[in-house]
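Everything below concerns the one structure shown next.
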Amino acid sequence: MIEPFNLVEPIENQAPPVVTMDDNRTMAQLLEAPTVGYEDAIVVPEITADNFELKHGLLTLVQNKQFFGHDKEDPHAHIRYFNKITSTMKFPNVPSTSVKLMLFPFSLEGAARIWLEKEPPRSILTWDDLVSKFINKFFPPSKTTNLRNEITRFQQRFDDEAWDRFNDLLRACPHHGFSELHQLDTFYNALNSNDQDSLNSAAGGNFLDKMPRDCLRIIESKSKVRNSRNKPVVAKVSSSSSTPGISPDVAELKDMVKALLLDKKNQTQAPTPVKAVEESCVTCGGAHSYRNCPATDGNVYRDNIQEYISQAATANFNQGNTGYRAPIANQIIPPSFPPV
C-alpha cells in the first residue's frame with residue numbers, strides 16, 4: 001500500500017521565522033543605499049613593493065591615445081600600443097601584468113569605459129582575461145568574417161599602392177589564419193597584367209616558381225621602388241636674405257616674417273595729403289568764385305553768361321541760318337575787358 005506523499009513538512013520540523021525586530025538600526029539607516037557590490041571588474045594583485053607609485057607621466061602617455069570603441073577603431077592596435085607604452089617602465093619587485101591591470105582603465109573612454117564599468121565585479125583576474133574580453137567585445141566574429149572576405153577578394157585599384165593596402169588588411173585582422181603562401185598567391189592574382197609582368201621580370205622568369213621568401217623579398221623591393229618614385233620632391237630655394245649658419249627652415253620662416261612685417265608697415269603708412277584747390281575769380285583774379293565776385297553786382301554777370309551760352313547753342317543748331325550770331329549789345333561787359 002502506497003501512502004500519499006505529503007509536501008508540507010510538519011510544523012515541528014519547520015525552521016522558525018527570522019525575527020528582524022531585534023535590529024537596532026533606525027529607519028533612515030535601513031533605507032540607506034548599500035555600500036557593497038561596488039568593486040571593480042579588474043582584480044589587481046596585491047603589490048608588496050615599498051614606495052611603489054605610478055608616475056603622472058606614465059598616465060599621460062596612456063591617456064594620449066585612448067580607445068573609444070568606435071567601429072573604425074582597431075582593438076588589436078590599441079593593445080599593441082598599450083604594451084609598448086607599459087614596457088618602457090620597469091618597477092622592482094612589481095609584475096608587469098599588475099601594472100597593466102592598473103593602467104588599462106585609463107586608456108579607455110566613451111563606450112569602451114562604459115563597457116568595462118558594466119562588467120561584473122571581480123570578473124577579470126589576469127591580464128589575459130582582460131585582453132580576451134576586450135578583443136571579443138570590440139572585435140566580434142562578424143568583423144573577423146568581413147575582414148577575411150576582404151583579404152580573399154582583394155583587388156588592385158588604379159594607381160594604387162596595392163602591397164601597402166594589402167598589409168593594412170592583414171594587420172587589421174591578425175587572426176585571419178591565412179598562410180604566407182596563401183597571402184602571396186592572393187596578392188599576385190589581384191595585380192594587373194603589367195605589374196605581374198614586372199614581378200616576373202624581377203624574378204627572372206615565372207614569379208610563382210620562386211620560393212615564398214624570395215617572392216616576398218621581390219614584392220617588398222618593387223614596392224619600395226614604386227613608393228620612392230611616387231613620393232613628391234620639394235626643392236628648397238635658398239634666399240639671399242637668409243642669415244648664414246641657420247637651418248633652411250628657420251631662414252625661410254624668418255624671411256616670411258620679415259615680408260609680413262614690411263607689408264603691414266606699407267599698409268599702415270599715412271596717405272600723402274592732397275593740397276586743396278583754391279578758388280580764383282576769372283573776372284577780377286580774387287580768391288573767390290566768379291559767382292561771388294563783387295564786380296559783377298550779384299548774379300547779373302552769371303545770368304548774362306547763361307543767356308549767352310543758351311543763345312549760342314541755339315545758333316549752332318539753326319542749320320537754316322548759318323550766319324546767325326547771338327546779340328550781345330544788351331550784355332554787361334565785365335570790367336578790364338575791351339569792348340567788342
Side-chain angles (χ1 to χ4, degrees), residues 61-62 64-88 96 100 107 112 127-128 131-132 134-236 248-249:
L61 287 176
V62 172
N64 280 341
K65 193 174 182 180
Q66 292 179 313
F67 185 85
F68 289 83
H70 301 319
D71 294 337
K72 298 298 183 180
E73 288 183 297
D74 185 4
H76 297 97
H78 182 71
I79 293 295
R80 287 194 295 267
Y81 174 80
F82 184 80
N83 286 332
K84 185 182 298 184
I85 293 297
T86 54
S87 64
T88 59
S96 60
K100 291 180 181 180
S107 70
W127 171 246
D128 293 336
V131 173
S132 177
F134 176 73
I135 294 297
N136 290 330
K137 172 62 180 179
F138 297 102
F139 206 101
S142 59
K143 191 172 183 179
T144 301
T145 303
N146 294 333
L147 286 176
R148 283 174 56 88
N149 292 335
E150 288 189 36
I151 295 173
T152 305
R153 297 193 297 262
F154 179 80
Q155 289 294 326
Q156 183 183 15
R157 299 172 182 170
F158 176 74
D159 196 17
D160 177 32
E161 302 296 340
W163 181 242
D164 293 341
R165 188 164 57 87
F166 187 72
N167 282 322
D168 290 341
L169 289 176
L170 295 177
R171 281 191 294 267
C173 186
H175 53 288
H176 51 74
F178 297 127
S179 63
E180 186 181 54
L181 176 63
H182 188 276
Q183 297 174 28
L184 293 173
D185 181 65
T186 301
F187 177 76
Y188 178 79
N189 292 320
L191 298 177
N192 54 45
S193 58
N194 293 332
D195 287 340
Q196 287 183 356
D197 293 341
S198 177
L199 291 179
N200 292 330
S201 176
N206 191 355
F207 177 78
L208 298 179
D209 291 340
K210 295 291 183 179
M211 298 292 291
R213 60 177 177 271
D214 296 332
C215 294
L216 180 62
R217 179 180 53 82
I218 294 173
I219 293 176
E220 290 179 348
S221 177
K222 298 292 289 185
S223 177
K224 290 179 180 178
V225 171
R226 182 167 184 173
N227 291 339
S228 62
R229 290 177 179 176
N230 294 339
K231 187 176 181 181
V233 179
V234 180
K236 293 184 178 180
D249 295 336

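Throughout, numbering of the chain's residues begins at 1 and tracks the sequence. Since we're looking at a predicted model, the values are computed, not measured.
Taken to the nearest 0.5 Å, the NE2 atom of H76 stands 7.0 Å off from the SG atom of C173. The structure places CD of E73 at 10.0 Å from CD of Q66, a figure rounded to the nearest 0.5 Å. Atom CD1 of I135 is separated from atom OG1 of T144 by 9.5 Å, given to the nearest 0.5 angstrom. Here the CG-CG distance, from N206 to L199, works out to 10.5 Å after rounding to the nearest 0.5 Å. The CG atom of N200 lies 9.0 Å from the CD1 atom of I218; values are rounded to the nearest 0.5 Å.
Smallest separation of non-hydrogen atoms from G69 and A112: N-CB, 4.2 Å. The minimum heavy-atom distance linking H176 with Q183 is given by the pair CE1-NE2, 3.3 Å. For the residue pair E220 and W163, the shortest heavy atom distance occurs at CG-NE1, 3.8 Å. Residues E180 and P212 share a closest heavy-atom pair of OE1-CB, 3.9 Å. Across all non-hydrogen atoms, the minimal contact from E150 to L169 is OE1-CD2, 3.4 Å. Here the shortest heavy-atom pairing between D74 and A172 reads OD2-CA, 3.9 Å.
The backbone N or O of L181 sits nowhere less than 3.5 Å from a side-chain atom of D185 that would complete a donor-acceptor pair. Judged purely by atom type and a 3.5 angstrom limit, S87 uses its side chain to pair as donor or acceptor with the backbone of N83. With hydrogens and angles disregarded, a donor-acceptor distance shorter than 3.5 Å links the side chain of Q156 to the backbone of N192.
Using a 30° and 60° split on the angle between ring planes, F187 and F166 fall in the tilted class, from 30° to 60°.
Two residues are said to be in side-chain contact when any heavy atoms from C-beta on lie closer than 4.5 Å; T186 and T152 fail this criterion. I151 has its side chain out of reach of R148: every pair of non-hydrogen atoms, C-beta onward, lies at least 4.5 Å apart. When side chains are defined from C-beta on, L191 does not count as touching F207, because their heavy atoms never get closer than 4.5 Å.
When each of L61, T86, I79, V62 is paired with S107, the side chain to side chain contact (heavy atoms under 4.5 Å, CB included) condition holds for V62 and for no other.
Ring centroid separation for the pair F82 and F67 does not come in under the 6.0 Å cut-off. Aromatic pair F138/H78: ring centres not closer than 6.0 Å.
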Step by step, would you call R165 with E161 a side-chain contact (heavy atoms from CB on, under 4.5 Å)?
CA-CA 6 Å; R165 188 164 57 87; E161 302 296 340; over 6 Å; no
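In this structure, K137 places its NZ atom where only 12 or fewer heavy-atom neighbours from other residues, nucleotides or ligands lie under 6.0 Å away. The environment of K210 atom NZ is sparse: at most 12 non-hydrogen atoms of other residues, nucleotides or ligands sit within 6.0 angstrom.
A salt bridge between D168 and R171 is present, with a side-chain N of the basic residue lying under 4.0 Å from a carboxylate O of the acidic one.
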